[in-house]
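See below for the structure under consideration.
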Amino acid sequence: MVPVNAEAVTDSGIWFRVEASSAASAVRRAAERLGAQVEMGAARIADLAIVAAELTSNLVKHADEGVLLLRPVRRAGQAGVELIAIDSGPGMADLTVSSQDGHSTTGTLGIGLGAIVRQASWFDGYSLPGKGTVLAVQVWPAEPAQPSWAGALTRPLTGETVSGDGYAVRIADGRHQVLVSDGLGHGPLAAAATDAALAAFRDAPAGPPAVVVGHLHRSMSHTRGAALAVAELAPTAGVLRYAGLGNISGVVVEGDGHRRGLVSLPGIAGHQRPTIREYDYPLAPGARLVMHSDGVVDRWRLADYPGLAERSPLVMAAILLRDAGVRRDDACVLVARSWT
């Protein structure tokens with residue numbers, strides 16, 4: 001987490017603790033700066049400021065342990081702003097009803113969530129009584145880009161301002177691929193290793209995951225190295241291809257909650273001569289791929305979250321980060337959705 005008066009807004013975003021009304025102005029100012037940074041235009045920056053103010057107000061009034069992530073989002077040749085509000089309770093029995101104007105649980109006018117939905121280009125959320133709420137909002141300058149088939153979040157170790165964990169998503173020559181990387185250690189040097197992995201991934205020639213992992217390994221020799229894994233979703237073939245080095249966890253979760261673990265081999269990308277091997281797994285329509293670093297424990301069960309499998313990959317990733325992430329390590333969760 002960073003102090004609420006932080007000035008910089010980078011691609012990895014800024015996490016804010018939102019526990020008092022004083023956080024609202026800092027979040028709003030940071031959102032306005034980011035809106036200008038991505039050249040959103042005055043009218044949409046004003047809409048973005050409303051979204052930021054209402055999200056923080058809801059966290060202060062209704063939430064326990066509220067946090068908010070603000071970051072740029074880029075897709076289909078344009079840039080927008082994404083805000084993700086996360087809390088640990090008390091939750092809402094019906095998020096749809098709570099999003100309607102006039103609905104209030106605290107005697108207010110009840111227009112907060114309704115205002116967010118009206119100003120947003122894209123909105124999704126999940127709430128469960130007793131466990132809390134995640135709200136994800138995107139504000140785009142014009143027509144919104146299509147919702148992504150993959151979503152992810154990273155959070156630094158408590159006390160650090162940068163995370164050694166990271167992720168990337170790409171479509172290369174028709175191949176839908178994702179990467180999760182965990183730079184060795186913590187802090188700037190771990191972040192530098194992961195940054196090198198992300199850059200190499202984006203520039204890697206189109207090829208299956210094992211070929212891509214080999215390219216990343218050769219591109220990272222100047223860093224301290226990282227555990228990482230690359231997955232490729234091929235729903236028309238009903239296959240997920242996966243290659244990993246080190247302790248990146250991967251599972252395929254089917255609609256009934258059945259989990260299939262994915263194999264990563266020992267090794268450190270960028271060091272020694274690791275064995276790189278690719279494995280193929282069945283990928284049913286509607287299945288979810290979940291990948292995370294070792295800053296997230298692997299004890300979550302989809303059955304504990306009724307309806308979560310129907311939400312967006314981003315919201316599912318945020319829920320898992322909230323409930324399974326540990327504060328004594330960097331953390332990253334990525335969720336990708338199979339399609340038909």
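Each residue takes its place number in the sequence, starting with 1. Predicted model only: the values in this text are computed from it and were never measured.
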Check whether any side-chain N or O of [X] sits under 3.5 Å from a backbone N or O of [Y] as a donor-acceptor pair, and report yes or no.
X	Y	answer
Thr223	Met220	yes
Arg311	Gly307	no
Thr194	Gly164	yes

With a 4.5 Å limit on heavy-atom distance, are the side chains of [X] and [Y] in contact?
X	Y	value
Trp122	Leu314	yes
Pro156	Thr161	no
Leu216	Val230	yes
Val178	Met291	yes
Val139	Val51	yes
Ile84	Leu135	no
Val263	Tyr281	yes
Val333	Leu153	no

Identify the two heavy atoms, one from [X] and one from [Y], that lie closest to each other, and give their separation to 0.1 Å.
X	Y	value
Pro274	Gly267	CB-CA, 4.2 Å
Val73	Val81	CG1-N, 3.9 Å
Asp87	Asp64	CB-O, 3.5 Å
Ala63	Pro90	CA-CD, 4.5 Å
Arg288	Met316	NH1-SD, 3.8 Å
Arg301	Tyr305	O-CD1, 3.4 Å

Could you state the interatomic distance from [atom1] ([X]) to [atom2] ([Y]), rounded to the nearest 0.5 Å?
X	Y	atom1	atom2	answer
Leu128	Met92	CG	CE	11.0 Å
Glu54	Arg118	CD	CZ	9.0 Å
Arg33	Leu70	CZ	CG	8.5 Å
Arg322	Tyr126	CZ	OH	8.5 Å
Arg155	Asp330	CZ	CG	9.5 Å
Glu278	Leu265	CD	CG	11.5 Å

> Is the shortest distance from a Lys or Arg side-chain nitrogen in Asp11 or Arg74 to a carboxylate oxygen in the other one below 4.0 Å?
Replying inline: yes
> Do Ser312 and Asp124 pass the side-chain hydrogen bond (donor to acceptor under 3.5 Å, both in side chains) test, and can you show the C-alpha distance, the side-chain angles, and the key distance before you say yes or no?
Replying inline: CA-CA 7 Å; Ser312 64; Asp124 193 25; 2.8 Å; yes
[X] and [Y]: same hydrophobic cluster, using ILVMFWY side-chain contacts below 4.5 Å?
X	Y	answer
Leu228	Tyr167	no
Val162	Leu184	no
Val239	Leu262	no
Ile86	Val326	no
Leu240	Val212	no

> Please walk me through it: do Arg277 and Tyr279 pass side-chain contact (heavy atoms from CB on, under 4.5 Å)?
Replying inline: CA-CA 7 Å; Arg277 186 172 301 158; Tyr279 297 89; 3.3 Å; yes
> For the residue pair His176 and Trp149, does the interplanar ring angle fall in the parallel (under 30°), tilted (30 to 60°) or perpendicular (over 60°) class?
Replying inline: perpendicular
> With Asp173, which residues qualify under side chain to side chain donor-acceptor pair (under 3.5 Å), at least two apart?
Replying inline: none
> With sequence neighbours left out, what residues match Arg170 under side chain to side chain donor-acceptor pair (under 3.5 Å)?
Replying inline: Gln177
> Can Arg259 be said to sit on top of Trp300's aromatic six-ring, NZ or CZ under 6.0 Å from centre and within 45° of the ring axis?
Replying inline: yes
>> Set out, in order, the CA-CA distance, both residues' side-chain angles and the distance that settles side-chain contact (heavy atoms from CB on, under 4.5 Å) for Val290 and Leu320, then state yes or no.
In response: CA-CA 10 Å; Val290 180; Leu320 296 181; 3.9 Å; yes
> Are there more than 12 heavy atoms of other residues, nucleotides or ligands under 6.0 Å from atom CZ of Arg71?
Replying inline: yes
> In terms of heavy-atom contacts, does CD of Glu39 have more than 12 from other residues, nucleotides or ligands at under 6.0 Å?
Replying inline: no
> Side chains of Asp165 and Thr154: donor-acceptor distance under 3.5 Å anywhere?
Replying inline: no
> Looking only at side chains, do Arg44 and Ser121 share a donor and an acceptor under 3.5 Å apart?
Replying inline: yes
>> One pair to check against side-chain contact (heavy atoms from CB on, under 4.5 Å): Arg17 and Leu68. What are the steps and the verdict?
In response: CA-CA 7 Å; Arg17 286 192 178 92; Leu68 184 143; over 6 Å; no
> Tell me the ring-ring contact (aromatic ring centres under 6.0 Å, His included) pairs involving residues 191-238, sequence neighbours left out?
Replying inline: none
>> Please evaluate residues Leu48 and Leu83 with respect to the criterion side-chain contact (heavy atoms from CB on, under 4.5 Å), reporting the C-alpha separation (whole Å), side-chain torsions for both, the decisive distance (0.1 Å), and the verdict.
In response: CA-CA 9 Å; Leu48 174 63; Leu83 304 96; 3.6 Å; yes
